[in-house]
2 protein chains.
Amino acid sequence: MENLPINIPDKLGKFSERWTPKIIARMNDYHFKLVKIRGEFVWHDHPDTDEVFLVLGGQMVVHFRDRDVTIRENEMFVVPRGVEHKTSAREECRAMIVELAGTVNTGTAGGDMTAPADEWI
Amino acid sequence: MENLPINIPDKLGKFSERWTPKIIARMNDYHFKLVKIRGEFVWHDHPDTDEVFLVLGGQMVVHFRDRDVTIRENEMFVVPRGVEHKTSAREECRAMIVELAGTVNTGTAGGDMTAPADEWI
């Protein structure tokens, strides 16, 4: 059992690199991750899992092929499995991601922005 | 697909009753719920799922048979499946719960504080 509560601001203070999700908790076979983003990600999808974004600071956009969704602080959004999307943020945005353990940030797209899917902080 | 982001403060403003989790989102077979608590819950466990508490306002205590864990605002904690626990809060605490869809708040204990497990807000 985890011995202590997980302090989210403390965890956010422990890294500065962007687009590299850091795992802070596991629930069954799911991971809770923190991420900092700025700029634009790549188009991708996750065929095996929905993906939750919960914005902790700033705001981000989830782009779909037919529309954009802006997610502001204290808002969450569920990207359905298998739906192509990319994220972007003009200023740095801090968010929590919840998804199946092992989910890779770039999904099936790969490429330079692919980050390890097993990095705890 | 959900059409709009889910605004957590707005959702918290839509109910005042305590100990009755309200579902705000579904991710695969998991529910994200909001709850307001004050006072003391009943001892119970959830044999089929870990349970995440994320404190949005105030603070709460998760009591185990051998220790107490205080969870403050912006902290989260994972209660492992099958481990007996109860929650309490001296002042009203607002929290997000993440757990398998269908999970009943009182687990296998039942009793007067049992709330519907399928109530959306």
Side-chain angles (χ1 to χ4, degrees), chain A residues 1-13 23-32 34 46 48-57 59-62 64-85 94-101 103, chain B residues 1-13 23-32 34 46 48-57 59-62 64-85 94-101 103:
Chain A
M1 190 190 310
E2 289 279 344
N3 282 315
L4 293 171
I6 300 149
N7 186 290
I8 294 168
D10 280 359
K11 295 288 189 186
L12 282 170
I23 304 163
I24 61 167
R26 185 180 183 112
M27 170 199 64
N28 301 330
D29 49 351
Y30 283 77
H31 278 158
F32 287 67
L34 298 180
H46 305 286
D48 300 324
T49 184
D50 297 343
E51 182 174 48
V52 165
F53 290 98
L54 169 55
V55 172
L56 303 167
Q59 66 178 56
M60 62 186 285
V61 179
V62 183
F64 296 98
R65 290 297 187 181
D66 61 348
R67 68 192 181 112
D68 295 339
V69 177
T70 298
I71 315 174
R72 298 181 172 80
E73 195 167 318
N74 298 319
E75 290 183 342
M76 58 182 286
F77 191 79
V78 186
V79 176
R81 71 175 70 192
V83 176
E84 212 180 6
H85 63 283
R94 298 167 295 290
M96 178 180 283
I97 296 171
V98 188
E99 60 194 0
L100 262 178
T103 300
Chain B
M1 189 190 310
E2 289 279 346
N3 281 315
L4 292 171
I6 300 149
N7 186 288
I8 294 168
D10 280 358
K11 293 289 189 185
L12 282 169
I23 304 163
I24 61 166
R26 184 179 183 113
M27 170 198 65
N28 301 330
D29 49 350
Y30 284 77
H31 277 158
F32 287 67
L34 298 180
H46 305 286
D48 300 324
T49 184
D50 298 343
E51 182 175 48
V52 165
F53 290 98
L54 169 56
V55 172
L56 304 167
Q59 65 178 56
M60 62 185 286
V61 179
V62 182
F64 296 99
R65 289 299 187 181
D66 62 347
R67 68 193 180 111
D68 295 338
V69 178
T70 299
I71 314 174
R72 297 180 173 81
E73 196 168 317
N74 298 319
E75 290 183 343
M76 58 181 287
F77 190 78
V78 186
V79 177
R81 69 175 72 192
V83 176
E84 213 180 5
H85 63 283
R94 298 166 296 289
M96 179 180 283
I97 296 171
V98 188
E99 61 195 359
L100 263 177
T103 300

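Chain letters run A, B, ... following the sequence lines, proteins first, then strands; residues in each count from 1.
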(Q) Quick one, B:Leu4 and A:Val69 - any side-chain contact, counting heavy atoms below 4.5 Å? (A) no
(Q) Using heavy-atom distances under 4.5 Å, tell me whether B:Leu56 contacts chain A through its side chain, its backbone, both, or neither. (A) neither
Q. Taking only residues two or more places apart in sequence, or in another chain, which ones meet A:His31 in a ring pair (Phe, Tyr, Trp, His ring centres under 6.0 Å)?
A. A:Trp120
(Q) Between B:Val98 and chain A, with a heavy-atom cut-off of 4.5 Å, which part of the residue counts as in contact: side chain, backbone, both or neither? (A) both
Q.
Assess, by modelled atom type and distance only, whether the side chains of B:Asp50 and A:Tyr30 contain a donor and an acceptor separated by less than 3.5 Å.
A. no
Q. So which heavy atom on A:Asn74 is nearest to which on B:Pro9, and how close?
A. O-CD, 3.5 Å
Q) Can you tell me how far the CE atom of A:Met76 sits from the CE atom of B:Met27, to the nearest 0.5 Å? A) 8.5 Å
Q.
I need the A:Ile71 CD1 to B:Ile6 CD1 distance, nearest 0.5 Å.
A. 9.0 Å
**Q.** Residue pair B:Ala25 / A:Val78: nearest heavy atoms and the distance that separates them
**A.** CB-CG2, 4.1 Å
**Q.** Interface moiety of B:Arg72 toward chain A, non-hydrogen atoms closer than 4.5 Å
**A.** neither
(Q) Within this structure, what is the CG-CG distance for the pair B:Asn28 and A:Leu100, rounded to the nearest 0.5 Å? (A) 5.5 Å
Q) In terms of heavy-atom proximity below 4.5 Å to chain A, should B:Phe32 be classed as side chain, backbone, both, or neither? A) side chain
